[in-house]
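Each remark here refers to the structure printed beneath this line.
In what follows, chains are A, B, ... by sequence order, proteins preceding strands, each numbered from 1.
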Amino acid sequence: MYNQKTTLKSKFTSFLFVVPYLFLFISFLFFPLLYGIYISFHDYNLLSQENPFIGLENYMEIFSFGSSLSDLFFEGLWKTIQFVIYSVPLLVIIGLGLALLLNSLPGKIRGLFRTIYFIPYAISVSVISILFLWILDTNSGLLNNFLMKLGISPIAWLTELPYAWISIVGATIWWTIGFNMIIFINALNEVPEELYEASSIDGAGAWSNFIHITLPSIRPIMLFVVITSTIASFNVYGQPYLMTRGGPGDSTEVLLMSIVDQAFNQRELGSASAMAILMALIMIVVSIIQFKISSPKKQGGN
Amino acid sequence: MKQYGKKTFLIILATVIAAIFLIPLLWMISTSFKNDFEAIAGGLNWIPKDFTWENYTYTLFSQGVDVPIFTWMFNSIFVGIAGTVIIVTVDAMAAYALARLDVPFKKTLFSIFISTLMIPFVITFLPLYMQFSNLGLLNTYAALIFPYTANAFGVFLLFQFFKGFPKELEEAAVLDGANKWKIFTRVVIPSARPIMWTLAIFSFMQIYNDFLWPLVATNSPEMRTITTGIAVMQQGSFVSSYGKLMALTTIATVPILIIFLIGQKQLIKGITQTGIK
């Protein structure tokens, strides 16, 4: 009896530790999640007083091909997917390349270069975008002025295809590559030294070591980097919003820009919420697929 | 000899890449000391022909302009610190209890928290906007702070640490008759300081640098954060005035760069720890 009472009291005091976070979690994550689904089932206009329940109609309109909402969603989605396809392989390969380069440098200068490559990661997307807007300016920008010195005529980096995509992808890589590099450096350091020693006895070269030892050893981390980069690229917003304003035309108007526009310029919050929920579902499904494809049967995730 | 040549090549390669990372930042600083005429004229001069502080004095001190830059900096730093303090405190308590104490349904609770790490922000930012709008709390510090505090990342990070925390320290304190709160504040927290700093730096950088949420949650000039404020200026009265824009972005970058350089070790530790697990 006495014992039961103390455990109950103990459980209660332990629970009190979780209460503050639980409160914030419910108020600003769990409730909004449900509220978002609720809004997406309504004809919710920011200006109108009445927002009638319409069930799945917002979703059905997105999937009735040819409707303006459907076009808005799928065209935005296509541009986002384009950005994912252009950026993710580069983010992974260059990230790994920089990590390999740093690891082969003498220890004394390694830290300095690591810091330099990592610096842009600390800067906000609006600073990065405006800085690149300036550097890529057709007439006064640093890059075109440099190219002109080399005898190359100016390129409209932000207002013509494919340059607009190249600019957005380039700025993104410059900004975030340090993060992937740090993860790869750590993964490379975890590869057991004995593996390389054994293969050097066999007389294997650096390339063969890389293919047969390094890559298989860092496979789980590679998957982690692919998934986090994919998610980050899906969320792209600031770079096209500030650098190209979605142009030329609407060729770089990514899905998140369309959702924000639908919500705050068209003020159609109901259909914008439905678009947002579909986008989130796509992101979750894509990361699950990536995980399933790349994880070997003997579960090497840890 | 061949080995020596290879080393030199790698160092040269690393230096060229370093230049690619540094040149845009140096150009930003260089442009911020040029007058608009010289900036627009283009060219490759790194040292301004007509060196001027005008862009800084104008953005910082000019009367009656729509650049309340001190207010924006204050907002960003205040919101960043307040959010970080809440996150570190609340996450440490929750993570410790879930890892070490007899919280009812703790496995279920932890799984629910962790599963939300997969949920992208796009799904909650519109309902959060409506929530704060319904409460009349758009354009307030509450709107700029609280949405970040629900993130389960910190609980996850600290949970890992507390799981591996040595039992003996706690047990010794129990024998001394200390209650859970005393054990937490006197024994656990001091030993968890490094990992809590890691979480603090992560959180501050995330909040200070965030763009979409503060853009949506504020529209009055005096409630903007620095990151959204400069975006507004770029589209407003500073459009194509790159000298002033670069002064503005330089000012915005200095505080976060200082924090980054000081906290780099902690930051790297945090990235690698979550990367492996």
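Using a 4.5 Å cut-off between heavy atoms, A:Leu281 makes no contact with chain B at all. Neither the backbone nor the side chain of A:Leu278 has a heavy atom closer than 4.5 Å to any heavy atom of chain B. Heavy atoms of A:Ile227 lying under 4.5 Å from chain B are absent altogether. Interface residue A:Leu131: backbone and side-chain heavy atoms are both found under 4.5 Å from chain B. For A:Leu46, the part lying under 4.5 angstrom from a heavy atom of chain B is the side chain only. Heavy-atom distances place both the backbone and the side chain of B:Ala152 under 4.5 Å from chain A. Only the side chain of B:Leu261 comes within less than 4.5 Å of a heavy atom in chain A; its backbone stays farther off. Interface remark: B:Met205 contributes side-chain atoms only to the contact with chain A (heavy atom separation under 4.5 Å). For A:Ile231, no part lies near chain B; criterion is any non-hydrogen pair under 4.5 Å. Residue contact with chain B, scored on non-hydrogen atoms closer than 4.5 Å, involves the side chain of A:Ile177 exclusively. Residue A:Phe146 touches chain B through both its backbone and its side chain, counting heavy-atom pairs closer than 4.5 Å. Contacts of A:Pro120 with chain B are made by side-chain atoms alone, with heavy-atom separations under 4.5 Å and no backbone atom involved. Heavy atoms closer than 4.5 Å to chain A are found in both the backbone and the side chain of B:Met118. For A:Tyr44, the part lying near chain B is the side chain, with the backbone staying farther off; criterion is any non-hydrogen pair under 4.5 Å. Contact annotation for B:Asp210: neither backbone nor side-chain heavy atoms come within less than 4.5 Å of a heavy atom of chain A. Looking at B:Leu267, the atoms closer than 4.5 Å to chain A (heavy atoms on both sides) all sit in the side chain, from C-beta outward. Looking at A:Asn144, there are no atoms closer than 4.5 Å to chain B (heavy atoms on both sides), in backbone or side chain. Contact annotation for B:Ala92: neither backbone nor side-chain heavy atoms come within less than 4.5 Å of a heavy atom of chain A. With a 4.5 Å cut-off on non-hydrogen atoms, B:Phe105 does not touch chain A at all. In this structure, chain A has no heavy atom under 4.5 Å from any part of B:Thr250. Proximity to chain B (any heavy atom under 4.5 Å) is restricted, for A:Ile288, to the side chain, taken from C-beta onward. Interface residue B:Thr227: backbone and side-chain heavy atoms are both found under 4.5 Å from chain A. There is no contact between A:Phe23 and chain B, counting heavy-atom distances below 4.5 Å. Contacts of B:Ala231 with chain A are made by both backbone and side-chain atoms, with heavy-atom separations under 4.5 Å. For A:Ile277, the parts lying near chain B are the backbone and the side chain together; criterion is any non-hydrogen pair under 4.5 Å.
Looking at heavy atoms from C-beta onward, A:Lys149 lies in side-chain contact with B:Leu44 at the 4.5 angstrom threshold. Using a 4.5 Å heavy-atom cutoff, the side chains of A:Lys11 and B:Val103 are not in contact. Counting heavy atoms from C-beta outward, B:Pro120 and A:Ile284 have side chains that approach closer than 4.5 Å. Inter-residue side-chain proximity for A:Leu143 and B:Trp27 is flagged as unmet; no heavy-atom pair is nearer than 4.5 Å. Residues A:Phe25 and B:Thr116 have side chains in contact (heavy-atom distance under 4.5 Å, counting atoms from C-beta outward). Taking 4.5 Å as the limit, some side-chain heavy atom of B:Leu109 sits within range of a side-chain heavy atom of A:Leu22. Here the side chains of A:Phe118 and B:Ile268 are in contact, with some heavy-atom distance below 4.5 Å. Between A:Asn235 and B:Phe121 the shortest side-chain heavy-atom distance does not fall below 4.5 Å.
Chain A forms more heavy-atom pairs under 4.5 Å with one residue of B:Leu257, B:Leu98, B:Leu22, B:Thr31 than with any other, namely B:Thr31. Among B:Thr89, B:Thr124, B:Ile87, the residue with the largest count of heavy-atom pairs under 4.5 Å with chain A is B:Thr124. For the options B:Phe211, B:Tyr242, B:Trp181, heavy-atom pairs under 4.5 Å to chain A are most numerous at B:Tyr242. Among B:Ile256, B:Ile119, B:Leu212, the residue making the largest number of heavy-atom pairs under 4.5 Å with chain A is B:Leu212. Considering only heavy-atom pairs separated by less than 4.5 Å from chain A, the leading option among B:Ile226, B:Thr228, B:Ile259, B:Val216 is B:Val216.
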Run the side-chain contact (heavy atoms from CB on, under 4.5 Å) check on B:Gln235 and A:Tyr241 step by step: do they pass? CA-CA 11 Å; B:Gln235 290 155 24; A:Tyr241 173 77; 3.8 Å; yes

Quick one, B:Phe260 with A:Ile123, criterion side-chain contact (heavy atoms from CB on, under 4.5 Å). Give me CA distance, side-chain angles, the key distance, then yes/no. CA-CA 9 Å; B:Phe260 169 81; A:Ile123 303 171; over 6 Å; no

Show your reasoning for whether side-chain contact (heavy atoms from CB on, under 4.5 Å) applies to A:Ile39 and B:Leu126. CA-CA 9 Å; A:Ile39 294 172; B:Leu126 293 175; 6.0 Å; no

Run A:Val127 and B:Ile230 through side-chain contact (heavy atoms from CB on, under 4.5 Å) and show every step you take. CA-CA 8 Å; A:Val127 170; B:Ile230 53 181; 3.4 Å; yes

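Proximity of a side-chain donor or acceptor of A:Tyr21 to a complementary backbone N or O of B:Met93 within less than 3.5 Å is not detected. The closest donor-acceptor contact from the side chain of B:Gln264 to the backbone of A:Ile119 lies at 3.5 Å or more, if one exists at all. No side-chain donor-acceptor contact under 3.5 Å links A:Ser140 to the backbone of B:Gly42.
Note: A:Phe17 and B:Phe184 have perpendicular aromatic rings, judged against thresholds of 30 and 60 degrees for the angle between ring planes. In this structure, B:Tyr129 and A:Phe264 have perpendicular ring planes: the angle between them is above 60°, well past the 30° mark. Ring geometry for B:Phe146 versus A:Phe28: interplanar angle under 30°, hence parallel rather than tilted (30 to 60°).
A:Leu29 CG to B:Tyr148 OH: the interatomic distance, rounded to the nearest 0.5 Å, is 14.0 Å. To the nearest 0.5 Å, atom CD1 of residue A:Ile130 and atom CG of residue B:Leu248 are 7.5 Å apart. To the nearest 0.5 Å, atom CD1 of residue B:Ile86 and atom CG of residue A:Leu24 are 7.0 Å apart. Interatomic distance, A:Ser126 OG to B:Gln234 CD, rounded to the nearest 0.5 Å: 10.0 Å.
When all heavy atoms of B:Ala14 and A:Tyr117 are compared, the pair lying nearest together is O-OH, 2.7 Å. A pairwise comparison of heavy atoms in B:Phe21 and A:Trp174 identifies O-CZ2, 3.0 Å as the closest pair.
Within 6.0 Å of atom OH in A:Tyr38, 12 or fewer heavy atoms from other residues, nucleotides or ligands are found, so the atom counts as exposed in its surroundings.
Side-chain polar atoms of A:Tyr35 and B:Asn134 form a donor-acceptor pair below 3.5 angstrom. Under the 3.5 Å distance criterion, with hydrogens and angles disregarded, a donor-acceptor pair is assigned to the side chains of A:Ser10 and B:Lys180.
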